[in-house]
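Worksheet: one structure, shown below.
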2 protein chains.
Amino acid sequence: MASRPSLTQVAEQVGVSPATVSRAFNRPELLNAATRERILSTAKRLGFRPNKVGSSLRSGSTRTLGLLLPTLANPVFAACFEGAEMAALDAGYSVMLATTGYDSERERLAARSLLDHRVEGLILTVADPADSATLGELGSSGVPFVLAYNESDCHPCVSVDNRAAAADMVSHLAAQGHRQLAMISGPLAASDRAVHRLAGAMACAETLGLPPPIHVSMSRHTAADRGRLKELLAAPQPPSALFCSNDLLAAAVIAELATLGLRVPDDISVCGFDGMDFGALMVPSLASVHQPSTDIGKHACRELLAALAGRPSRSRRLPHWLFDGGTITAPGSP
Amino acid sequence: MASRPSLTQVAEQVGVSPATVSRAFNRPELLNAATRERILSTAKRLGFRPNKVGSSLRSGSTRTLGLLLPTLANPVFAACFEGAEMAALDAGYSVMLATTGYDSERERLAARSLLDHRVEGLILTVADPADSATLGELGSSGVPFVLAYNESDCHPCVSVDNRAAAADMVSHLAAQGHRQLAMISGPLAASDRAVHRLAGAMACAETLGLPPPIHVSMSRHTAADRGRLKELLAAPQPPSALFCSNDLLAAAVIAELATLGLRVPDDISVCGFDGMDFGALMVPSLASVHQPSTDIGKHACRELLAALAGRPSRSRRLPHWLFDGGTITAPGSP
DNA sequence: CCCCAGACTGCAAACGTTTTCATTGCCATG
DNA sequence: CATGGCAATGAAAACGTTTGCAGTCTGGGG
């Protein structure tokens with residue numbers, strides 16, 4: 001009921017100037033201990049909390065960061081948020097989250113809205129940093145930003161080395177005896193990660209003298225996808241292992257294979273990329289290239305905060321590692 | 001570089017008063033078409049966007065909603081966010097998200113921070129609405145709020161009927177021939193949902209003349225949990241079906257059972273509660289009581305917006321439904 | 001020709017802070 | 001006793017908007 005009193009009201013209650021009340025909260029050491037206590041106690045009594053809107057306007061700083069992610073339906077991004085939130089909180093910042101659903105128009109609009117709210121910096125994942133309207137607008141806005149998951153030479157970014165990571169997985173599969181692989185991804189236009197992972201897999205296969213992996217792009221859980229999978233397996237040289245460019249997709253593929261009567265890994269090996277927590281709970285557990293999503297969020301946030309503090313933010317390449325789950329086995333086991 | 005120009009600067013560029021520029025954006029119909037165009041075009045040329053901080057301060061409305069959830073690691077809450085974000089966006093609102101990690105202190109602090117940012121309303125999920133410090137503070141703040149997932153008689157909330165939903169699942173299990181059930185939950189103190197689900201299961205079992213379900217509370221993925229599960233299965237009358245109070249837990253339990261050499265559903269049936277998208281991708285697919293998480297977020301947001309518009313927000317009980325996945329079968333099948 | 005109703009625009013006061021610059025005592029120093 | 005320095009506080013301007021009120025035109029009706 002008692003709609004929040006203002007600093008001024010507290011001031012006149014106590015009988016001091018607004019400036020003094022402000023100082024009681026921001027520079028308490030400047031005040032006479034007695035006045036400070038007097039102010040703090042009546043502030044509490046009245047239920048006063050400093051209004052950040054006023055404060056932001058005057059100080060020019062909102063202490064808010066923007067986070068722009070494709071979707072929270074992918075636990076990877078959810079983890080990224082939590083990492084970023086943690087780091088932001090530690091620094092006294094709040095975060096304003098928006099999702100784009102992989103839609104570039106929504107992305108542009110959301111970024112604009114975030115800027116309108118005067119976030120001091122932005123962490124975001126775009127389809128392709130080399131060609132992004134959003135990044136263009138952002139650049140000319142002067143608001144610092146850090147890319148998460150994307151890899152770029154021209155912008156600060158925090159990610160794993162997607163090419164190397166994919167190559168590692170291909171090596172691992174080859175070591176198990178697999179030769180013909182397939183790489184399954186979503187639409188490449190929606191994710192530079194998928195592009196890099198595919199490139200890494202291809203390059204590694206070539207180095208190892210494997211036949212080039214077959215690339216299959218699944219649109220969005222349409223019936224056509226099911227057909228494409230069937231077709232892939234009916235090829236003259238069907239792959240013995242499916243490398244999916246993300247864990248969610250891997251899970252979907254495994255489920256799809258099950259409906260086709262194929263068992264993983266007995267009939268075919270499958271692996272993913274991301275390392276979502278959930279993969280470890282699957283039975284068998286999902287083999288996958290793990291990336292430290294929480295840390296990606298955390299470090300992206302730290303770099304952003306660094307930029308806000310004047311230090312330039314540097315790109316960080318975080319380590320990935322293979323999780324050798326039960327969905328991979330040597331080809332042709334009983 | 002060009003740090004955002006202000007409305008005033010646009011005004012003097014165009015040679016009109018700030019008021020006119022303001023109107024060009026908010027009440028364009030009031031302006032002479034020519035002036036309007038002149039303003040809009042120079043505004044665009046200068047890269048001007050109205051500063052929401054100034055606007056919020058003057059108008060007293062931030063057009064921002066707060067969302068306070070336990071964790072995004074549970075995809076249920078992620079879906080809730082996306083639903084809420086959608087509804088908020090439709091109404092021209094932004095959302096500020098914070099997570100609590102099921103920690104009541106973090107919860108209190110986060111709520112306070114949200115209020116400090118002057119969100120106009122709050123959507124939140126608390127441990128127990130009947131006894132929540134956060135809700136207390138919120139109440140005296142005068143900021144409208146809507147509970148999501150929680151059930152309460154004293155506060156507006158959007159949820160399923162957890163008791164009835166759990167009862168439905170128990171009926172289903174009984175119909176399959178199960179008699180001795182176990183209910184597995186997280187710490188009851190952290191979730192009134194778990195409490196209600198347990199109560200619903202118990203009541204239904206009694207009605208149907210089944211022996212009372214055994215309740216097992218798993219703390220947080222500790223080694224002790226594994227022991228508790230083992231112990232449960234070694235009981236004189238071991239349960240033939242495990243009803244987990246959420247899907248994430250169900251997945252963990254299934255993984256745990258696998259390490260104990262038990263197959264689901266051949267050796268034991270398992271089911272969950274939530275209906276996270278992921279469950280359908282598991283092999284076998286996870287039987288579960290589904291709740292419409294996205295809609296919960298969406299409706300919670302709508303109710304909140306209603307409150308902001310003066311209409312009182314009403315509690316909504318959304319429908320649940322059983323997803324009869326492959327993790328349940330009649331007891332004692334080969 | 002006068003008057004009045006629009007239509008359009010400007011003035012200036014808010015909104016709740018922060019912060020620079022002064023002001024006031026007061027005490028110690030010379 | 002004058003001086004200077006320090007500690008504690010206040011006055012007032014500024015941040016970028018919105019908005020009630022008042023002002024200026026224009027044109028049409030009487």
Side-chain angles (χ1 to χ4, degrees), chain A residues 2-40 42-43 46-64 92 115-120 141-143, chain B residues 2-40 42-43 46-64 92 115-120 141-143:
Chain A
S3 61
R4 347 296 17 261
S6 76
L7 184 151
T8 324
Q9 317 202 27
V10 176
E12 51 194 34
Q13 265 286 321
V14 183
V16 299
S17 84
T20 307
V21 178
S22 172
R23 284 189 272 254
F25 283 87
N26 302 319
R27 319 275 315 268
E29 71 279 8
L30 288 186
L31 290 196
N32 177 306
T35 8
R36 191 197 320 132
E37 290 319 315
R38 211 147 42 89
I39 293 177
L40 258 27
T42 39
L46 299 185
F48 166 78
R49 303 241 68 214
N51 184 331
K52 284 220 180 212
V53 178
S55 146
S56 294
L57 181 57
R58 164 63 218 222
S59 70
S61 137
T62 57
R63 308 233 81 178
T64 301
L115 292 182
D116 286 354
H117 277 285
R118 262 38 185 191
V119 296
E120 296 181 32
S141 83
V143 172
Chain B
S3 62
R4 348 293 18 262
S6 77
L7 185 151
T8 324
Q9 317 202 27
V10 176
E12 51 194 35
Q13 264 286 319
V14 183
V16 301
S17 84
T20 308
V21 178
S22 172
R23 283 190 273 254
F25 283 87
N26 302 319
R27 318 276 314 270
E29 71 280 7
L30 289 186
L31 291 197
N32 176 305
T35 4
R36 192 198 318 134
E37 290 319 314
R38 212 147 40 90
I39 292 176
L40 257 29
T42 39
L46 298 185
F48 167 78
R49 303 240 67 215
N51 184 330
K52 284 219 179 212
V53 178
S55 146
S56 294
L57 181 57
R58 164 62 218 221
S59 70
S61 136
T62 57
R63 308 232 80 176
T64 302
L115 292 183
D116 285 353
H117 278 284
R118 258 44 184 189
V119 297
E120 295 181 33
S141 82
V143 171

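Residue numbers start from 1 in every chain, and the chains themselves are labelled A, B, ... in the order their sequence lines are given, proteins ahead of strands.
One interatomic measurement links the two molecules: CD of A:Glu12 to P of D:dA11, which rounds to 13 Å at whole-angstrom precision. One atom, CG of B:Leu57, and another, P of D:dA14, lie 17 Å apart when rounded to the nearest Å. With rounding to whole Å, B:Leu30 atom CG is found 20 Å from D:dT24 atom P.
Checked by atom type and distance alone, the side chain of A:Ser22 never pairs as donor or acceptor with a backbone atom of A:Pro18 at under 3.5 Å.
Between the OG atom of B:Ser56 and the NZ atom of A:Lys52 there is a distance of 14.0 Å, given to the nearest 0.5 Å.
Counting any heavy atom pair closer than 4.0 Å across all strands shown, A:Ser56 reaches no nucleic acid atom. The residue A:Ser55 sits close only to the backbone: its heavy atoms come under 4.0 Å of sugar-phosphate atoms, none of a base. Within 4.0 Å of A:Phe25, counting heavy atoms only, lies no atom of the nucleic acid at all.
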Salt bridge (charged side-chain N to carboxylate O under 4.0 Å, His left out) assessment of A:Glu29 paired with A:Arg27 = CA-CA 5 Å; A:Glu29 71 279 8; A:Arg27 319 275 315 268; 3.4 Å; yes
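By the side chain to side chain donor-acceptor pair (under 3.5 Å) test, B:Ser17 pairs with B:Thr20, sequence neighbours left out.
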Return the polar atom pairs (N/O with N/O) between nucleotides 19-21 of chain D and the protein under 3.5 Å, or none.
residue, atom, partner, partner atom, Å
D:dT19, O4', B:Arg58, NH2, 3.2

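The residue among B:Gly54 and A:Asn32 whose nearest nucleotide of DNA chain D lies closer to the 5′ end is A:Asn32.
Think of the region where chain B sits on DNA chain C: with heavy atoms and a 4.0 Å cut, that region ends 5' and 3' at C:dC8 to C:dG16.
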